[in-house]
Protein chains: 2
Amino acid sequence: MSIAEPLPIRDLQACCAPLTREPIDSAHAESLAKSLKALADPARLRLLSMVAAHADGEACVCDLTDPLGLVQSTVSHHVKVLVDAGYLTVSKRGTWHYYRLVPGALDAVSSLLTTV
Amino acid sequence: MSIAEPLPIRDLQACCAPLTREPIDSAHAESLAKSLKALADPARLRLLSMVAAHADGEACVCDLTDPLGLVQSTVSHHVKVLVDAGYLTVSKRGTWHYYRLVPGALDAVSSLLTTV
DNA sequence: TGTATGAATCGACAGATGTCGATGAAAGGA
DNA sequence: TCCTTTCATCGACATCTGTCGATTCATACA
């Protein structure tokens, strides 16, 4: 992640009250919107869900192309969006790249939306 | 909402486990993505936040144009997106339309993202 | 009836996004 | 050294999206 990138969602949570607690300012609205945009795609939601459900909680791109019904380059693109947004991490072993959920990342964005 | 519209988020919650509990199927991924897309815009996040913070928990379009820095037709567009997605309701009194948060709508989408 | 006000709709447009096929890069094995 | 496999990147394309100005609609009031 370059320095110009949006804050990953966990930093956002560390600083902010839930959306309805008080009016959100432009900068934080921008950050939260980016985090939500990364999530707001059916292929990426299924991808996240598949990674979470996969053996050992990790999966490679090749595990995902068939069940998603998408070409390798497209899956690679979606995975990159989720890594950049802070939802996935990658660990490389040989020619394989294994992706895994970042613990707490989904809970962080979730807690920003709650009203209670 | 026409019959062809996506399920509002509350129905989604009534039927589904959180994203990481088990692999989500295509149809539900599509629904959840639509609900998230409605939220994934800085202007709409600020709009929701302003409505929640406004006196009596409701606001009209004319209350929002100035603080958002957007033209009336644009605000009207964003409001419609949020109403269609089930986050806002409208009550019309004279020429004024007052928008208000749907109780529990944000909590519903939030709970679908939680992993715990 | 006519006018004023708040809001929805329409048409246009630039920019972002999801998808694909083709190519390139890195690592391992014959 | 060469081939294979896994993945990233690139270029192209159609579609979607956010924004605006102009118009239309509905309601209230003079």
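Proteins come first, then strands; the chains are lettered A, B, ... in the order of their sequence lines, and each starts at number 1. Quick caveat: nothing in here was measured; it's all calculated off a predicted structure.
- The separation between B:D84 atom CG and D:dG18 atom P is 13 Å, rounded to whole Å.
- B:V51 approaches B:Y99 most closely through the heavy-atom pair CG1-O, 3.4 Å.
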Between A:R46 and B:E30, is a salt bridge (charged side-chain N to carboxylate O under 4.0 Å, His left out) present by the stated rule, with each step listed?
-> CA-CA 9 Å; A:R46 295 177 62 206; B:E30 203 84 40; over 6 Å; no
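- One finds no side-chain N or O of A:T95 lying less than 4.0 angstrom from the OP1 or OP2 phosphate oxygen of C:dA26.
- Separating the CZ atom of B:R93 from the P atom of D:dC29 is a distance of 15 Å, rounded to the nearest angstrom.
- Within the nucleic acid shown, B:R44 comes within 4.0 Å of sugar-phosphate atoms alone, with no base atom in reach, counting heavy atoms only.
- For A:H77, taking side-chain heavy atoms from C-beta onward, the closest of the listed nucleotides C:dT9, C:dA8, C:dG18 is C:dG18.
- Of the two residues contacting DNA chain C, namely A:T74 and A:K37, the nearest-nucleotide position lying further toward the 5' end is that of A:K37.
- The shortest distance between the side-chain N/O atoms of B:H78 and the OP1/OP2 oxygens of D:dT19 is below 4.0 Å.
- Taken residue by residue, residues 65-73 of chain A places heavy atoms nearer than 4.0 Å to DNA chain C at A:L70, A:V71, A:S73.
- Between the CG atom of A:L64 and the C1' atom of C:dT19 there is a distance of 17 Å, rounded to whole Å.
- A close approach under 4.0 Å does occur between a side-chain nitrogen or oxygen of A:S76 and OP1 or OP2 of D:dA8.
- A:V83 and A:L106 fall within the same hydrophobic cluster, defined by Ile, Leu, Val, Met, Phe, Trp and Tyr side-chain heavy atoms under 4.5 Å apart, directly or through other members.
- Follow the hydrophobic side-chain contacts under 4.5 Å out from A:L88 and you never reach A:Y98; the two are in separate clusters.
- Contact annotation: B:Y98 does not reach the phosphate of C:dA7 (side-chain N/O to OP1 or OP2, under 4.0 Å).
- Residue-level contact check: A:K92 touches neither bases nor backbone, having no heavy atom under 4.0 Å from any strand.
- Per the geometry, CG belonging to B:L36 stands 17 Å off C1' belonging to D:dC16, to the nearest Å.
- Taking 4.5 Å as the limit, some side-chain heavy atom of A:L19 sits within range of a side-chain heavy atom of B:S49.
- Dashed line: the shortest gap from a side-chain N or O of A:Y99 to OP1 or OP2 of D:dA8 is under 4.0 Å.
- Taking 4.0 angstrom as the limit, B:H97 places a side-chain polar atom (N or O) nearer than this to OP1 or OP2 of C:dA8.
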